[in-house]
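Nothing here was measured: the structure is a model prediction, and the numbers come from that model. We number each residue from 1, following the sequence as shown.
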Amino acid sequence: MVPGHEVVGRIVDVGAGVAPTRAGERVGIGWLRRTCGHCARCLSGSENLCHDSLYTGWDADGGFAHYAVAPDDFVHVLPPGYTDVEAAPLLCAGIIGWRALRRAQLPERGRLGLYGFGAAAHLTMQVAISEGHRVHVMTRGANARALATALGAASVGDPTARPPEPLDAAIIFAPAGELVPPAMEALDDAGTVVCAGIHMSAIPALDYTRHVFRERQLRSVTANTRSDARDFLAAVSRSRVQVRTTVYAFADAARALEDLAADRLDGVAVLDVGARG
């Protein structure tokens with residue numbers, strides 16, 4: 001299987017039933033590749049929960065290649081004003097952050113906490129600020145803290161510390177289950193914690209009175225819908241976000257993965273398959 005689930009390029013050819021005018025368009029392919037289209041989840045707008053869904057770079061070849069094939073209705077037109085390198089992270093990190101933000105159910109001018117500050121969080125924070133919310137970032141890395149401050153965080157602190165004010169919602173991007181209790185404890189009444197990762201380590205036991213009582217909620221995010229993708233790309237077309245990237249030539253893909261695992265990245269790693277190492 002060829003991996004790669006945030007793919008940017010131009011359409012060079014189309015299959016039967018696809019408008020020939022799409023040839024030449026600059027487009028993106030995201031994580032969600034196909035759904036069945038007829039189950040109860042698909043018909044109710046929750047196609048991300050379709051049991052027969054397929055994923056780019058997991059169920060079918062992805063973007064670590066010079067050419068890729070994808071179903072027409074799952075190929076997205078990209079917003080203007082972003083380079084190919086900047087656009088790639090929008091297609092998963094950005095979209096998942098968008099879905100997590102919607103799942104957080106923030107009130108108008110809400111107080112949001114972000115736990116972990118990498119690819120998705122640095123995009124989500126900018127969208128939240130553009131919507132009028134105040135964002136507090138809880139992260140350990142010095143580079144991540146500096147970036148959060150530069151992008152307009154109301155405060156930056158340690159993940160285990162209380163933010164300076166109660167939160168209406170928190171999104172946990174770090175795959176660390178131990179962050180769930182402090183995030184729940186940081187909530188105001190009726191607040192929501194959203195776990196936005198595709199996996200997470202074990203969540204410690206929650207104390208009902210400290211963490212759950214007063215109608216606090218714990219929610220998860222599973223993939224995204226096409227509607228999420230289109231709404232997010234439209235939003236970042238209206239309010240441009242800064243995409244912090246570290247670019248690697250395709251020959252350096254292994255080094256990119258090593259840097260990601262060692263937390264040496266500032267922002268998002270992007271592979272340029274046309275560049276030489």
Side-chain angles (χ1 to χ4, degrees), residues 1-14 22-33 54-71 74-97 116-126 139 141-148 150-151 173-175 197-199 224 229 232-233 236-237 240-277:
M1 183 64 62
V2 178
H5 66 286
E6 297 173 308
V7 189
V8 170
R10 291 193 177 273
I11 296 176
V12 296
D13 201 0
V14 298
R22 293 214 71 181
E25 282 186 5
R26 191 177 77 122
V27 296
I29 306 168
W31 174 231
L32 184 67
R33 176 183 177 84
L54 300 177
Y55 297 93
T56 307
W58 184 263
D59 298 301
D61 289 341
F64 285 23
H66 284 90
Y67 296 93
V69 178
F74 290 81
V75 174
H76 304 291
V77 177
L78 297 173
Y82 295 88
T83 66
D84 290 353
V85 166
E86 292 170 329
L90 303 178
L91 293 162
C92 183
I95 296 169
I96 287 297
F117 199 74
H122 91 285
L123 300 173
T124 305
M125 185 180 82
Q126 294 176 71
T139 190
N143 289 344
R145 289 186 176 193
L147 180 58
L151 292 176
F173 287 106
I198 199 169
H199 66 89
N224 64 274
F232 170 69
L233 293 173
V236 297
S237 179
R240 194 182 192 286
V241 301
Q242 297 181 47
V243 186
R244 183 67 64 90
T245 62
T246 302
V247 184
Y248 297 82
F250 182 70
D252 296 325
R255 181 165 61 87
L257 294 172
E258 291 169 359
D259 289 347
L260 177 64
D263 198 24
R264 290 192 290 261
L265 288 174
D266 184 10
V268 192
V270 178
L271 290 183
D272 183 348
V273 299
R276 297 182 179 276

- Can you tell me how far CD1 of I95 sits from NE2 of H76, rounded to the nearest 0.5 angstrom? 5.5 Å

- Message: For a quick test of reading the model, state the closest non-hydrogen atom pair linking P79 to S237 and the distance between them.
- Response: CB-CB, 3.7 Å

- Please name the pair of heavy atoms, one in G28 and one in L91, separated by the smallest distance, quoted to 0.1 Å. CA-CD1, 3.6 Å

- Message: Quick one: does any side-chain atom of T56 pair with a main-chain N or O of G30 as donor and acceptor, under 3.5 Å?
- Response: yes

- Message: Could you report the tightest heavy-atom contact between M125 and L151, atom names first, then the distance?
- Response: CE-CB, 3.2 Å

- Task: Please answer whether the main-chain N or O of I96 pairs with a side-chain N or O of N224 as donor and acceptor at a distance below 3.5 Å.
- Result: no

- Answer yes or no: does atom CG of L257 have more than 12 heavy-atom neighbours from other residues, nucleotides or ligands under 6.0 Å? yes

- Task: Could you tell me whether the side chain of H122 and the main chain of R244 form a donor-acceptor pair under 3.5 Å?
- Result: yes

- Please name the pair of heavy atoms, one in P71 and one in V75, separated by the smallest distance, quoted to 0.1 Å. O-CG2, 3.3 Å

- Task: Would you name the heavy atoms of V2 and A65 that are closest together and state the gap between them?
- Result: CG1-CB, 4.2 Å

- Query: Is there side-chain contact between V27 and I29, with at least one heavy-atom pair below 4.5 Å?
  - Reply: no

- Would you mind telling me which of D272, V270, D259 makes a side chain to side chain contact (heavy atoms under 4.5 Å, CB included) with Y248? D259

- Message: So T246 and R264, do their side chains get closer than 4.5 Å, heavy atoms only?
- Response: no

- Message: I'd like to know if the side chain of E6 reaches the main chain of A93, judged simply by a donor and an acceptor atom lying under 3.5 Å from each other, with no hydrogens or angles considered.
- Response: yes

- Query: Do R145 side-chain atoms and T139 backbone N/O form a donor-acceptor pair below 3.5 Å?
  - Reply: yes

- Query: Are L123 and V243 side-chain neighbours, meaning at least one heavy-atom pair lies under 4.5 Å?
  - Reply: yes

- Item | Nearest heavy atoms of H199 and P175, plus distance in Å | O-CB, 3.6 Å

- Geometric cation-pi criterion R240 and Y82, 6.0 Å radius, 45° cone: yes

- Task: Mind checking side chain to side chain donor-acceptor pair (under 3.5 Å) for R22 and listing every partner two or more places apart, or none if nothing turns up?
- Result: E25, D72

- Message: Can you confirm whether W31 sits close enough to H5 that some side-chain heavy atom of one is under 4.5 Å from a side-chain heavy atom of the other?
- Response: yes

